[in-house]
Engineer: 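One structure, as C-alpha cells, below. Some questions next.
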Amino acid sequence: MESYDPKLIEEKWRDFWRKRGFFKARITDTKRKFYYLNMFPYPSGKLHAGHGRNYILGDAITRFLIMRGYNILNPMGWDAFGLPAENAAIEQGVHPRDWTWRNIQEFKRQFRAWGVEYDWDREIATCEPEYYRWTQWLFLKLYQRGLAYRAEADVNFCPDCDTVLANEQVVAGRCERCGAPVQRRKLVQWFFRITAYAQRLLDDLEKLTGWPERVRLMQRNWIGRSEGARVTFRAEQGDPIEVFTTRPDTLWGVTFLVLAPEHPLVDRLTSPDRRKEVERYREFAARQTEVERLSTEREKTGVPIGAYAENPVNGSRIPIWIADYVLMTYGTGAVMGVPAHDERDFQFALKFGLPVIPVIAPPGGVAKSYLRGGAFREGLPAALKEAGFGVEEEGGSLRVTLSEGEKERYISLVQGYLKPGSWTGVVGAGWQLVFPDRVLNVGSLEEERAALRACQELDPGLGDVRTIAQLLWGVEFYRDLLFHADYGEMINSGPLSGTPGGEAIRRTISWLEARGFGRHEVTYRLRDWLVSRQRYWGAPIPMIHCPRCGVVPVPEEELPVLLPEVPFIGKKGLADIPEFVETTCPRCGGPAKRDTDTMDTFVDSSWYFLRYISPKDDRRPFDPELVNRWLPVDLYVGGVEHAILHLLYSRFITKALYDMGYISFDEPFRRLFTQGMITYPAYRCPTHHWIPPSQVEEGRCPHCGAELEVQVLAMSKSKKNVVSPDELIERYGADTERLYTLFMGPPERDIEWSEEGVRGAWRFLTRLWGLVLGQLPRIREAREPVDPQALDEEGKGLWRKLHLTIKKATEEFEGRLGVNTVIASLMELTGALSGYLERGPGDPRLVRAVIRNLILLLSPFTPFICEELWSRLGEGKSVLETPWPEYDVAALQVGEVEIPVQINGKVRARLRLASDVASDPRKLEEAALSAQAVQARLSGKEVKRVIAVPGKLVSIVAR
RNA sequence: GCGAAGGUGGCGGAAUUGGCAGACGCGCUGGCCUUAGGAGCCAGUGCCGUAAGGCGUGCGGGUUCGAAUCCCGCCCUUCGCACCA
C-alpha cells in the first residue's frame, strides 16, 4: 500500500485554499460574520515551533468556523516598527525597511508551509507610510481632544536602548527589552492622557466577561484605584501641604509628615540650618537607580527639613521630613506618617525616634503587660492568677495577656503591687503606663512626651530612649502589638473616638469635609502613557516647534510626515538628520523645527484591528460603517505577555475614538484567549553563553566541556532553545507538527516541547492513512446513509461513538477551546473504528460514514492529509466547502448501559442494564439490589439506604 | 509582603454539573518483524501484594450515601504587583 508521505501530499494543497479564496472575507456581508484575530507579530528573524501555539490554533479555529458557515475575517499583518530593525540597520548597514521586509517574506513562507492561511489581501505593516499616516492622524485627534500633551517629567530612560520608556515597559526597575537598569531623567516628552480613562478602563473590565479573569485582574491591579481622602496640613510658614491617604481614620495618630525628595515645597520650607543636609539627601535620592530605590529589604532613609506643620484635626505640631520611600509620582507626593498603623511609617519612626500614637484599637481586643522582676512585690503572680488573668512567669518577670475588658481591673490590681519607682505598660487598645500612683495614657504627642519624661525621671538609664515606642520595642513581648494596619474602633481621636471600624473612614471624611480640612478622593496607580521615543524606526510625531507660534500640529492633509530616507542612521534618531528637522511653520510660514521623536510602537498596535477592515483606504483610517459592523473582534488570541501593555492601550484608544464619535463600540475585543508558551531546555555555558540543545553532549559544553546550566524556558532565538518548523516539516510534515502542537496540552498553559510527542502525532497520522487507504476500495461506492437500526451491537457502539465525538469537537470549538481533548477523542474514534474492523468486515456504509466524519473533524488540525484523503474518498468538493458534521441526538441514546454499584462508597459491582431500566430510579434500585454480585456482598448486612442516580450509579449504605 | 492561578501515574495531561480517577499521548516492560534499530506492529502498564485484597488526586481536618471537584487550616510551585500612602 502507498505509504504516508507528507512531502508529496502537502505541497499539492499548499496553495489550494488560497487560490480557492476560502480565507477571503466577504467584507460587506456581515450577516454571519466572525472577526477572528491573532495578535500580529513583530517580524524578527524566523518563526519557531513556539510561535505555532498562536497561529496554528488560530488556523484550526478559523477552519472550523468556515465549515460552520461563518463569513470569517482572519487577517494578518506586521508590527513592523521597532528597535531590533534599527539595531540591525546600525550594525549591518541595511535599511531597517529592507531588513523588516526580508523577515516578513520569511514569515509568510513559513505560514504557507504550516498551512496557516489568512486573508492576505488585508495585510498591513505598521512601518509603511500608508499605515503610519493614520497613526499620525490618531495622534493629531488625541492632541485636538487634549489627550496628547507635552510635559517635562521625570521619565524612565534606558541607557542601552538610548530612549525613554513607558512605565509599562519598566519591569522591576529594569528595561523590559534589554534588562539594563533604568535611569531617571527630567525631559520634555509627549504623553497620552490615559489616566483620564482610568475609571472607565476599570469599570468596563466588568463588561469583559469573555476575557480571562487573570488578565482582568492584572489590569485592575495595574490601574490601581485607591479610595481615601486628600487632607490639607499647613506648614508653620503658611503653605498648605496636601496629603493623600487611604486611612483618614488614623489622622489623630499622625506624628510626622514625609515629602518626596523632589517635592516642590521642600526648597521653600527647609530651614537654613538643615539646608545642607537636605541638599545632600536629595542628591543621594536622585542618584539612586530605580532598582536600588525599589529594593524591598532596604532600610528606610530620610532627613528632617527643620520645618513643622499643624495637624488640622487636633492642632499637633509635627515635624516634616523627606524620604525616598515617598514617590513624587503617586498621590500628592506627600504622606502623613502614622507609625502606629502603617508598617513603613512604623519602621521610619522607630529608626528616627519619632513618636508612635495608637489611634485604632487592634482586632480581638487583646492587651499585654510585661513586668520586670523586681518591679513588683511578692504575691502579685498569685493574685493575678486568682483574679483569672493569663500569666506566664519567666526568670522572675511576668507576662500578662489580657482579653477584652480586663484592662481596668488589671490596672487597679497591679498598681497595689508595684514597688515605688517602678512601672509597667499595658499595650492593647491604646497604650498606658501604669505607675503606683497614676496611669499615663499615650494618646497624643503631649501625653507621649509626658509619659516619656515620667519614665526617664524614675530611671535615668533611659536617657537615650527617644520615644515610648522605642521603650516598648525593647520588650520582645510587646512587639506584635505596637503596630497594626487593621481596621478597628477609633481611639484617642478626639470627637471621633469610639467610632466603630466599619464606619471610621466614612465618618472621618464627612467630618473633614464639614470643616474644610479635606475631602474624599480617588487616586490611581496608572500614569499617563509616555509615547515619545528618541529613535528613527517609528512613526514620526506630527508636530512642529515654531519659535513664534509654539507647538503647532502638522495639518491633517499634509500627513504622513515621512521618515527621511537616509543611508546612515545615527544613534540619536531623527534629531541627527537636519533635512528632516528644518521645516516651516504651518501657521506663520516662518522657519521651524519638526518634533524629532517617534511614537512608541504600542501606538501602532493600539488601533491596527480597525485598519484591517479597509486596509487600502487612502482617505481615512478606517471605514466607520464597516468597522461598526465588524467590531468588536469576536475572538482575539495572543500571549499573556500583552495582558497589560497592548491590551490596555488598545482599550484606551478604542474608548477615545468612541468618545470622538468615530466608532460605536467602546471595547475592542469581545473575547480574549491567551495561549501559553512552548518551553524547551535552554543550556548555558559560563564562558560560551547559550548552547543549542542539539550541540549539548551529556550536559556539557561542546566548546570547553564545562558543566552547563539547564533551565526549561520559553523558546526564544536569543536563548538558542528553539525548535525549527522547517526541520519538523522536512521530517514529519506540517500536519504532524500542527497536530502535536495542538495536542500537547491545554492551549492556555505553558508546556515543554517533546520530540517523542511529535512522533506520537506522526504515528497517529500514519495509522489513519493506512486505515483509510485500506478501506477505500470497499467503501468508495457505499454512499447510502447509515441505517442505525440495522447495525449490530458493535456497529451501534461505533455509530454512537461517532456522534459523541462530533458533539465533543463542536462544543470545544465553540466553548473553551480545549482542542487537546478534541484530538484525544478523535484518536479514540480512530481506535474504535480499527477495533470494529478487526472483528469483521463491518457495514461499509457505517465505515464510510465514520471515515468521512473523522476526516472532516480532523481537518482543522491537519488540513493537508484530510484534504488528500477527502479527495480520494471521491467526495467531489473540498473539505472547506463541506459543512461541519452535526450530531444526531438519537444516536447518543444507548440500549444498554453499565451502571456501577457502590456499597459503602466502594464500587463492588458493575451491571449491564437496559437504558430504560437505568433511567428509572425505582427499577434501577431494584435491579441493583437483586443483582447476584450485590447480594453476595450484602449478606449478613442491613441495607440502611439506597441512592439510585438514574443513568449514573447506585450507592448502597449497609451495616 | 499582597493578589491570582495551580499541585492528579515515571512524564504531558483527562475527568466541563459532587457520581466508575488516570481518557488520549509519551515513556517503560514483554512479544512480533528486522542483518540491525533511536523505524514499525501487537499486548501490558497508578502504587503495594503471588493472590484475595488494600491504598491512592500536595498535607491535615470537615460536609456528604458518595469529594480530584465543596468548606476550613497548612505546605509547595508558577505568574502578576511590590515602600502606591
Side-chain angles (χ1 to χ4, degrees), chain A residues 3 171-173 212-222 224-226 228-229 243-247 250 258 260 293-300 323-327 329-338 341-345 347-348 485 523-527 640-641 643-644 739-740 743-746 748-764 766-767 770 808 811-812 815-816 818 820-831 838 898-907 909-910 944-958:
Chain A
S3 63
V171 176
E213 185 51 42
R214 184 167 54 129
V215 174
R216 293 199 281 169
L217 193 76
M218 279 163 75
Q219 292 214 349
R220 203 168 290 139
N221 291 341
W222 189 263
R225 182 185 201 270
S226 52
V243 151
F244 174 74
T245 176
T246 54
R247 292 299 301 272
T250 63
V258 191
R293 187 162 167 174
L294 291 180
S295 96
T296 324
E297 293 306 312
R298 200 167 141 246
E299 247 204 75
K300 296 263 173 300
D324 64 3
Y325 80 88
V326 175
L327 310 172
T329 43
Y330 184 80
T332 62
V335 306
M336 58 188 215
V338 186
H341 305 293
D342 180 284
E343 191 174 3
R344 293 155 300 170
D345 296 344
Q347 287 170 8
F348 195 76
T523 57
Y524 301 89
R525 205 185 75 111
L526 181 72
R527 319 279 166 78
V640 238
E641 63 272 21
I644 297 171
L739 188 68
Y740 174 63
F743 178 63
M744 60 195 301
E748 68 277 8
R749 206 177 298 179
D750 291 351
I751 303 182
E752 185 176 342
W753 183 267
S754 139
E755 183 63 31
E756 287 71 31
V758 176
R759 294 216 68 85
W762 162 260
R763 269 198 290 272
F764 170 72
T766 310
R767 255 198 309 271
K808 166 80 180 168
E811 285 172 357
E812 287 295 348
R816 58 167 200 181
N820 55 321
T821 63
V822 175
I823 293 170
S825 63
L826 289 167
M827 288 171 168
E828 282 182 63
L829 179 61
T830 309
E838 262 167 40
E898 193 181 74
I899 298 289
V901 180
Q902 294 184 345
I903 297 171
N904 293 334
K906 296 232 185 306
V907 177
R910 291 166 205 277
K944 294 271 190 196
R945 205 177 149 189
V946 180
I947 294 114
V949 184
K952 285 271 168 67
L953 58 47
V954 179
S955 180
I956 299 168
V957 188

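Proteins come first, then strands; the chains are lettered A, B, ... in the order of their sequence lines, and each starts at number 1. The basis for the numbers below is simple: all heavy atoms, side chains too, and nothing from hydrogens, waters or symmetry mates.
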Engineer: Sugar-phosphate atoms are those with a prime plus P, OP1 and OP2; base atoms are the rest. Using that split, label each nucleotide of nucleotides 9-15 of chain B B, S or - for protein heavy atoms under 4.0 Å, 5' to 3'.
Structural biologist: ---BSSS
Engineer: What nucleotide among B:G40, B:C24, B:C83 has an atom nearest to a side-chain atom of A:Glu828?
Structural biologist: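 Of all the options, the side chain of A:Glu828 is nearest to B:C24.
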Engineer: Which nucleotide, B:A85, B:G25, B:C81, lies nearest any side-chain atom of A:Met827?
Structural biologist: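 For A:Met827, the side-chain atoms sit closest to B:G25.
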Engineer: Are there more than 12 heavy atoms of other residues, nucleotides or ligands under 6.0 Å from atom CD of A:Glu343?
Structural biologist: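 Atom CD in A:Glu343 is not crowded, with 12 or fewer foreign heavy atoms closer than 6.0 Å.
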Engineer: How is A:Gln902 classified with respect to the nucleic acid when contacts are heavy atoms under 4.0 Å: base, sugar-phosphate, or nothing?
Structural biologist: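 It contacts base atoms.
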Engineer: Of the nucleotides B:C84, B:C24, B:G19, which has the atom closest to the A:Ala824 side chain?
Structural biologist: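 Among the listed nucleotides, the one closest to the side chain of A:Ala824 is B:C24.
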Engineer: Restricting to non-hydrogen atoms, name the atom on A:Phe348 and the atom on A:Tyr325 that form the minimum distance, rounded to 0.1 Å.
Structural biologist: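 Answer, listing the atom of A:Phe348 first, then A:Tyr325: CD1-CE2, 3.6 Å.
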Engineer: What's the gap between B:U34 and B:C41 when it is taken at their C1' atoms, as a whole Å value?
Structural biologist: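 About 12 Å, rounded to a whole number of Å.
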Engineer: What's the gap between B:G12 and B:U17 when it is taken at their C1' atoms, as a whole Å value?
Structural biologist: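 Roughly 26 Å separates the two C1' atoms.
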Engineer: Nearest whole angstrom, please: distance from the P of B:G3 to the CZ of A:Arg214.
Structural biologist: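 About 18 Å, once rounded to whole Å.
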Engineer: Ignoring the backbone of A:Val957, work out which of B:G80, B:C65, B:A85 is nearest its side chain.
Structural biologist: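 In terms of side-chain proximity for A:Val957, the closest of B:G80, B:C65, B:A85 is B:C65.
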Engineer: Distance check needed: B:C81 P versus A:Tyr330 OH, whole Å only.
Structural biologist: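 Atom-to-atom, A:Tyr330 to B:C81, this comes out as 16 Å.
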Engineer: Checking all strands, does A:Ile947 fall into the base, sugar-phosphate, or nothing category for heavy-atom contacts under 4.0 angstrom?
Structural biologist: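 The answer is base, as A:Ile947 lies within the cut-off (heavy atoms under 4.0 Å) of a base atom.
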Engineer: Determine whether a donor-acceptor pair (N or O, by modelled atom type, separation under 3.5 Å) exists between the side chain of A:Arg247 and the backbone of A:Ala485.
Structural biologist: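 Here the side-chain-to-backbone pair exists.
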Engineer: Tell me whether the side-chain N/O atoms of A:Thr329 come closer than 4.0 Å to OP1 or OP2 in B:C84.
Structural biologist: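 A:Thr329 to B:C84 OP1/OP2: no side-chain N or O under 4.0 Å.
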Engineer: If you measure from the Lys or Arg side-chain nitrogens to the Asp or Glu carboxylate oxygens, is any gap between A:Arg759 and A:Glu755 under 4.0 Å?
Structural biologist: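 Salt bridge between A:Arg759 and A:Glu755, a charged N being under 4.0 Å from a carboxylate O: no.
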Engineer: A:Leu953 has a side chain; which of B:G19, B:G80, B:C65 sits nearest to it?
Structural biologist: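 Nearest to the side chain of A:Leu953 among the choices is B:G19.
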Engineer: With a non-hydrogen cut-off below 4.0 angstrom, is A:Ser955 in contact with a base, only sugar-phosphate, or nothing?
Structural biologist: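 Result for A:Ser955 = base.
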Engineer: When rounded to the nearest Å, what value does the distance between P atoms of B:G18 and B:C84 take?
Structural biologist: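 To the nearest whole Å, 40 Å.
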Engineer: How many Å lie between CG on A:Leu739 and P on B:G25, as a whole number?
Structural biologist: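 So the two atoms are 11 Å apart, to the nearest Å.
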Engineer: Of A:Glu811 and A:Gln347, whose nearest nucleotide on RNA chain B comes first from the 5' end?
Structural biologist: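 First, find each residue's nearest nucleotide; the 5'-ward one identifies A:Glu811.
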Engineer: Once you apply a heavy-atom cut-off of 4.0 Å, does A:Gly760 come out as touching a base, just sugar-phosphate, or nothing?
Structural biologist: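 The residue A:Gly760 makes sugar-phosphate contact but no base contact.
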Engineer: Of A:Tyr740 and A:Ser226, whose nearest nucleotide on RNA chain B comes first from the 5' end?
Structural biologist: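 Comparing both residues, the 5'-ward one is A:Tyr740.
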Engineer: Measuring to OP1 and OP2 of B:G40, would you say a side-chain N or O of A:Arg767 lies under 4.0 angstrom away?
Structural biologist: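 Looking at the OP1 and OP2 atoms of B:G40, neither is under 4.0 Å from any side-chain N or O of A:Arg767.
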Engineer: Look at the side-chain N and O atoms of A:Arg763 and state whether any lies under 4.0 Å from the OP1 or OP2 oxygen of B:C26.
Structural biologist: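 Answer yes for this pair, as a side-chain N or O of A:Arg763 is under 4.0 Å from OP1 or OP2.
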Engineer: Does the ring centre of A:Trp753 sit less than 6.0 Å away from the ring centre of A:Tyr740?
Structural biologist: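 Yes, the ring of A:Tyr740 comes within the 6.0 Å limit of the ring of A:Trp753, centre to centre.
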Engineer: If the C1' atom of B:C59 is compared with that of B:G7, how far apart are they to the nearest Å?
Structural biologist: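 The answer is 11 Å between these two C1' atoms.
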Engineer: Mind calculating the distance between CH2 (A:Trp762) and P (B:C24) to the nearest angstrom?
Structural biologist: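 From A:Trp762 CH2 to B:C24 P: 23 Å.
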Engineer: What is the glycosidic conformation of B:G40: syn, defined as within 90° of 0, or anti?
Structural biologist: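 In terms of base orientation relative to the sugar, B:G40 is anti.
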Engineer: How far, in whole Å, is B:C70 from B:G1 if one measures between their C1' atoms?
Structural biologist: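 The answer is 30 Å between these two C1' atoms.
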Engineer: Of all the nucleotides listed (B:C83, B:A39, B:A85), which has the minimum atom distance to the side chain of A:Phe244?
Structural biologist: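 Selected nucleotide: B:A85.
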